[in-house]
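FYI, side chains are in, hydrogens and waters are out, and symmetry mates aren't considered; it's all heavy atoms of this structure. Every value quoted in this text rests on a predicted model; they were computed, and no experiment measured them. Proteins come first, then strands; the chains are lettered A, B, ... in the order of their sequence lines, and each starts at number 1.
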Amino acid sequence: MHNEPTTATSTPVGGTPPEAPLRYTAALAADIEKRWQDRWAELGTFHTPNPDGPLTDGAGHHVAEQTPAFFIMDMFPYPSGDGLHVGHPLGYIATDVVGRYRRMCGDNVLHALGYDAFGLPAEQYAVQTGQHPRVTTEANIATMRRQLRRLGLAHDERRSFATTDSDYVRWTQWIFLQVFSSWYDADAVRPDGGRGRARPIAELEAEYAAGERATPDGRSWADLDVVERRRVLDASRLAYVSETPVNWCPGLGTVLANEEVTVDGRSERGNYPVFKRNLRQWNMRITAYADRLADDLDLIDWPEKVRSMQRNWIGRSEGAQVTFEVIGGTEVEVFTTRPDTLFGATFMVVAPEHPLLDEVPAEWPDGTHKTWTGGHRTPVAAVAEYRTASAAKTAVERQADAGRKTGVFTGHLAINPVNGEPIPVFTADYVLMGYGTGAIMAVPAQDERDWQFAEAFELPVVRTVAPPEGWEGGAYTGDGPAINSSNEEISLDGMEVADAKATITAWLADKGLGTGTVTYRLRDWLFSRQRYWGEPFPIVYDEHDLPIALPESMLPVDLPEVPDYSPRTFEPDDVHSTPEPPLGRNEEWVHVTLDLGDGPRTYRRDTNTMPNWAGSCWYYLNYLDPGRRDVLVDPALERYWMGPQHNAATGSSGGVDLYVGGVEHAVLHLLYARFWHKVLFDLGHVSSVEPFRTLFNQGYIQAYAYKDARGQYVPASEVVEDEAASTGFTWEGQEVHREYGKIGKSLKNSVTPDEMYEAYGADTFRVYEMSMGPLDLSRPWETRAVVGSQRFLQRLWRNVVDEHTGELTVVDEEPAPETLRLLHRTIDDVRTEMGAMRFNTAIAKLIVLNNHMTGLARVPRVVAEAVVLMVAPIAPHISEELWSRLGHPDSLIREPYPVADPAFLVEDTVTCVVQVQGKVRDRLEVPASIGEDELRELALATAGVRRALDGREVRTVVVRAPRLVNVVPA
RNA sequence: GCCCCCGUAGCCCAACUGGCAGAGGCAGCCGGCUUAAACCCGGCACAGUGCGGGUUCGAGUCCCGCCGGGGGUACCA
């Protein structure tokens with residue numbers, strides 16, 4: 001088991017002087033690193049044991065149930081063909097350091113890395129090369145595995161997988177079927193006491209059949225025919241097909257979720273225009289979970305930034321729905337967050353798509369203002385034109401028009417329910433059909449937008465909240481006493497906003513005119529894509545064109561071969577195009593004869609695929625036991641690794657103990673995954689309430705890039721500093737401008753991990769990345785600074801090994817008291833810093849101790865061993881090598897992390913700062929245990945204080961024994 | 001427009017509940033080692049914390065108002 005301590009006696013390349021054959025150079029580092037990587041693999045050093053089942057540690061043992069579990073994850077990578085640059089491994093190194101540290105603290109650590117391998121880039125590459133995306137994907141994964149292995153990550157390789165594995169796809173489809181086969185019962189009580197949970201759709205069917213629940217149209221279940229019954233159930237499912245306005249992106253040839261469309265109405269990927277189109281697509285009823293997704297953010301330890309982004313995206317807002325009667329028409333419901341301002345509602349606005357506009361009066365009513373008609377002779381003409389114009393607007397145009405108020409009078413008059421006043425109904429595109437009820441009561445006095453509209457259309461303003469004294473602005477949206485707000489039955493006058501809201505809402509409810517309501521910005525999740533490289537839906541359609549779930553036994557539904565993988569794409573601005581899924585090109589696959597219980601019949605398959613997010617919605621569960629295929633996840637394993645209270649730090653939510661990744665997934669992946677997890681929770685498949693207990697967003701490593709006079713990027717590695725140049729930098733003699741940006745080919749500033757391994761070794765690279773600064777900050781890469789980290793490891797090496805002879809230089813001597821104090825101080829500090837993921841400061845403290853050792857005539861073994869163990873999580877290869885040379889046959893991977901002896905942490909004497917009026921005037925060396933009174937006397941007697949007081953009286957003396965005294969003169 | 005984060009030495013960054021502005025690294029300078037250079041070793045210097053107010057015995061830290069950089073979001077009623 002003990003391996004030869006050194007096989008690296010040959011002179012490594014890289015200019016090592018012959019007199020120091022064992023200097024810690026890049027070549028020696030490479031030799032050590034590769035050797036340990038092989039050894040770790042051979043011994044299964046990183047095999048993480050489960051409490052039960054096939055996965056044991058390297059020695060074949062299970063873990064005891066009571067051993068604390070610590071589950072670490074990286075947001076899993078998309079294996080791109082470009083390979084890695086130095087920015088990519090930052091998070092992986094950080095989680096590896098945490099994992100190795102926790103392991104040395106006694107935890108059973110689960111850490112592995114899978115691959116998110118479905119999706120656009122692989123498909124686009126396949127289209128270009130004609131190779132099947134599976135081939136390129138697998139090649140990319142192999143490349144990435146090789147690059148990452150060289151980093152020395154302590155991952156359990158047995159638990160790695162790709163979302164494209166047929167085995168994995170099967171369970172992604174299985175979860176889809178669970179969602180499809182469920183409905184949301186908003187009244188059901190959950191085990192945690194809250195209301196609302198997913199239940200099997202069969203239970204809904206049973207309730208209908210038993211008459212316990214009324215059908216939507218009130219007919220009895222028995223009176224519905226089979227197809228009608230199916231439609232009723234289908235409408236309640238958590239995954240449902242519906243014809244709704246969706247984001248159609250002709251440039252990509254697919255529809256997209258709201259979350260995948262940028263602020264300016266373009267696709268997040270590819271930056272193509274996106275159009276609203278009514279199409280029949282799959283949706284997931286994430287809106288049913290809006291409250292829980294918002295509320296449970298309080299249970300988890302996430303950056304406040306991400307939590308607020310999710311809250312904003314969900315956009316919960318409380319208000320009231322109020323019914324307005326329309327003269328000669330139907331009633332219109334409006335949603336408002338300010339029911340207290342109802343007396344100030346002087347007009348109404350409905351979205352151009354609002355059904356009220358399907359019929360409008362034939363003539364303009366009396367009193368119609370000229371500016372209201374848009375120059376049209378009848379409301380019919382005016383509304384028709386406005387609706388057409390607004391429908392033709394792209395998201396980009398809407399964006400550009402924001403703030404400019406357009407609209408037209410519809411000819412309808414509505415009645416303000418609190419005062420019976422007739423008010424004109426307008427249509428304007430600043431009111432959105434997709435939010436609230438698509439209709440608003442406009443209160444210009446208390447709403448900016450309504451104020452602008454009222455100004456443009458010369459509409460009256462009635463203030464119902466008194467603005468502050470001297471208010472000269474328009475709409476006043478702040479707090480204040482209500483005014484002008486009374487009728488024969490009720491008066492709000494004098495009430496503050498909150499009171500007025502509550503009072504009027506109660507009054508409305510009492511009169512049957514309105515109810516308190518909550519609305520959300522969140523929309524249901526559009527779940528189908530017209531792409532090839534994704535999971536097929538496990539769904540077929542019968543002659544009624546209604547979806548039928550395939551039985552579990554028919555999973556997975558694998559992707560068929562098709563003649564062409566690319567979706568039909570269109571001119572990016574071709575509004576009239578329609579999606580054409582590639583899977584539809586395989587007729588034999590699409591039309592399939594199956595026996596689903598009624599004998600063999602012909603069905604039509606769903607030709608959509610799932611979005612890329614599907615695979616990342618549950619992958620954390622697959623790490624627990626990727627080999628097990630008879631259940632989604634073993635409940636006992638899920639409880640051990642993820643359950644509530646599964647270790648001392650996990651709260652009631654349970655979930656992954658540390659999840660590290662970029663902030664760009666704040667509302668996409670992280671919201672979708674939470675949603676799926678809650679469905680699985682409701683259906684009893686998991687015990688944790690949330691998938692990710694602690695989230696950490698790492699910053700990005702960026703780099704300088706340089707442009708020449710023509711604006712072309714030049715290779716950053718060839719640019720030199722040049723004081724003579726006005727820009728400070730030149731490339732091949734010409735002046736270049738420096739910019740700061742992403743690392744990548746396009747900016748010609750890429751640096752790869754492979755180059756770092758070659759020039760410095762993986763350990764140096766790891767130390768450098770961890771010492772650059774706090775993990776959550778973005779910062780510039782600077783290759784020439786890496787040498788500092790190499791020097792640190794070189795000194796560490798030299799502190800233990802003679803670089804000429806290879807002999808150990810440590811001695812079995814008791815360290816000097818000063819050394820012991822520094823050692824234990826360092827242990828204590830480093831533990832604190834490591835625990836808080838402040839690796840940069842942990843490294844700084846280790847450097848101080850290491851430098852101290854460098855100055856000693858002989859390095860005591862106990863100090864050397866402690867330093868080696870403390871460095872191990874960050875620079876594991878050199879640490880293993882030194883540990884082995886120090887005479888330990890086994891890997892240090894589970895060696896206890898050093899613990900400080902409190903006896904060495906107390907200092908006998910400390911330096912006390914003596915201030916006069918906050919300025920340092922003297923210093924005192926005093927016993928740490930000195931009393932306040934004694935210290936005050938000593939301080940007042942110092943020469944510095946006497947000089948600074950210069951005869952003035954003393955007013956007070958602030959004493960913070962033993963470190964500070966501040967004398968305040970009169 | 002609104003919300004969030006960040007501004008400390010030439011550069012990357014430390015500074016516990018307010019208590020000596022400096023831990024660490026890069027670059028720079030001086031010296032040692034060397035025939036010489038690199039590596040290595042020892043040493044030195046460098047800012048008063050983006051700007052303006054305020055609170056306090058005392059402010060990088062807390063409060064108010066700005067400026068600069070980054071991110072999110074936007075007719076959401």
Under the side-chain contact (heavy atoms from CB on, under 4.5 Å) test, residues paired with [X] that sit two or more places apart:
X	result
Leu938(A)	Leu924(A), Val926(A), Ile930(A)
Lys305(A)	Met309(A), Val663(A)
Ala290(A)	Ile314(A), Tyr520(A), Leu522(A)
Leu670(A)	Met75(A), Trp302(A), Val306(A), Gln310(A), Tyr659(A), Phe692(A), Leu695(A)

Checklist entry - Which nucleotide sits closest to the side chain of Lys305(A): A77(B), C4(B), U73(B)? => result C4(B)
Checklist entry - Under 30°, 30 to 60°, or over 60°: which ring-plane class applies to Phe457(A) and Phe453(A), parallel, tilted or perpendicular? => result parallel
Checklist entry - Is it true that Glu818(A) and Arg821(A) make a salt bridge, defined as a side-chain N closer than 4.0 Å to a carboxylate O? => result no
Checklist entry - Between Glu925(A) and Arg923(A), is there a salt bridge with N-O shorter than 4.0 Å? => result no
Item to check | Contact residues, residues 663-671 of chain A to RNA chain B [heavy atom, < 4.0 Å] | outcome: none
Checklist entry - Taking only residues at least two apart or on different chains, which pairs with a member in residues 439-451 of chain A satisfy side chain to side chain donor-acceptor pair (under 3.5 Å)? => result Tyr430(A)-Asp450(A), Gln446(A)-Thr464(A), Asp447(A)-Arg449(A)
Output a table of nitrogen or oxygen pairs between the protein and nucleotides 8-12 of chain B separated by less than 3.5 Å.
residue : atom : partner   : partner atom : Å
C12(B)  : O2'  : Met772(A) : O            : 2.8

Between the protein and nucleotides 19-21 of chain B, which nitrogen or oxygen pairs are less than 3.5 angstrom apart?
residue : atom : partner   : partner atom : Å
G19(B)  : O6   : Arg960(A) : NH2          : 3.2
G19(B)  : N2   : Gln915(A) : OE1          : 3.0
G19(B)  : N2   : Asn966(A) : ND2          : 3.0
C20(B)  : O2   : Arg923(A) : NE           : 2.8
C20(B)  : O2   : Arg923(A) : NH2          : 2.3

Report which part of the nucleic acid [X] touches: base, sugar-phosphate, or nothing (heavy-atom distance under 4.0 Å, all strands).
X	value
Ala785(A)	sugar-phosphate
Pro774(A)	sugar-phosphate
Thr336(A)	sugar-phosphate
Asn840(A)	sugar-phosphate

Checklist outcome for this item: Expected label for G54(B) (glycosidic angle, syn inside 90° of 0, else anti) would be anti
Item to check | Separation of A77(B) C1' from Trp451(A) CH2 (nearest whole Å) | outcome: 18 Å
Checklist entry - Across all strands, who's sitting opposite G1(B) as a Watson-Crick or G-U wobble pair, both distances under 3.5 Å? => result U73(B)
Item to check | Which residues share a ring-ring contact (aromatic ring centres under 6.0 Å, His included) with His852(A), sequence neighbours left out | outcome: none
Restricting to nitrogen or oxygen on both sides, can you table the protein-nucleotides 40-43 of chain B pairs closer than 3.5 Å?
residue : atom : partner   : partner atom : Å
C40(B)  : OP1  : Arg791(A) : NE           : 2.9
C40(B)  : OP2  : Arg791(A) : NE           : 3.4
C40(B)  : O3'  : Arg798(A) : NH2          : 3.0
C41(B)  : OP1  : Arg795(A) : NH1          : 3.2
C41(B)  : OP1  : Arg798(A) : NH2          : 3.3

Next on the checklist: With salt bridge (Lys or Arg N to Asp or Glu O under 4.0 Å) as the rule and sequence neighbours excluded, what pairs involving residues 830-846 of chain A come up?
Outcome noted: Asp829(A)-Lys845(A), Glu833(A)-Arg838(A)
Next on the checklist: Test of understanding: with salt bridge (charged side-chain N to carboxylate O under 4.0 Å, His left out), list the residues that count as partners of Arg960(A), not counting sequence neighbours.
Outcome noted: none
Next on the checklist: Quick check on C76(B): is either OP1 or OP2 less than 4.0 Å from any side-chain nitrogen or oxygen of Thr337(A)?
Outcome noted: no
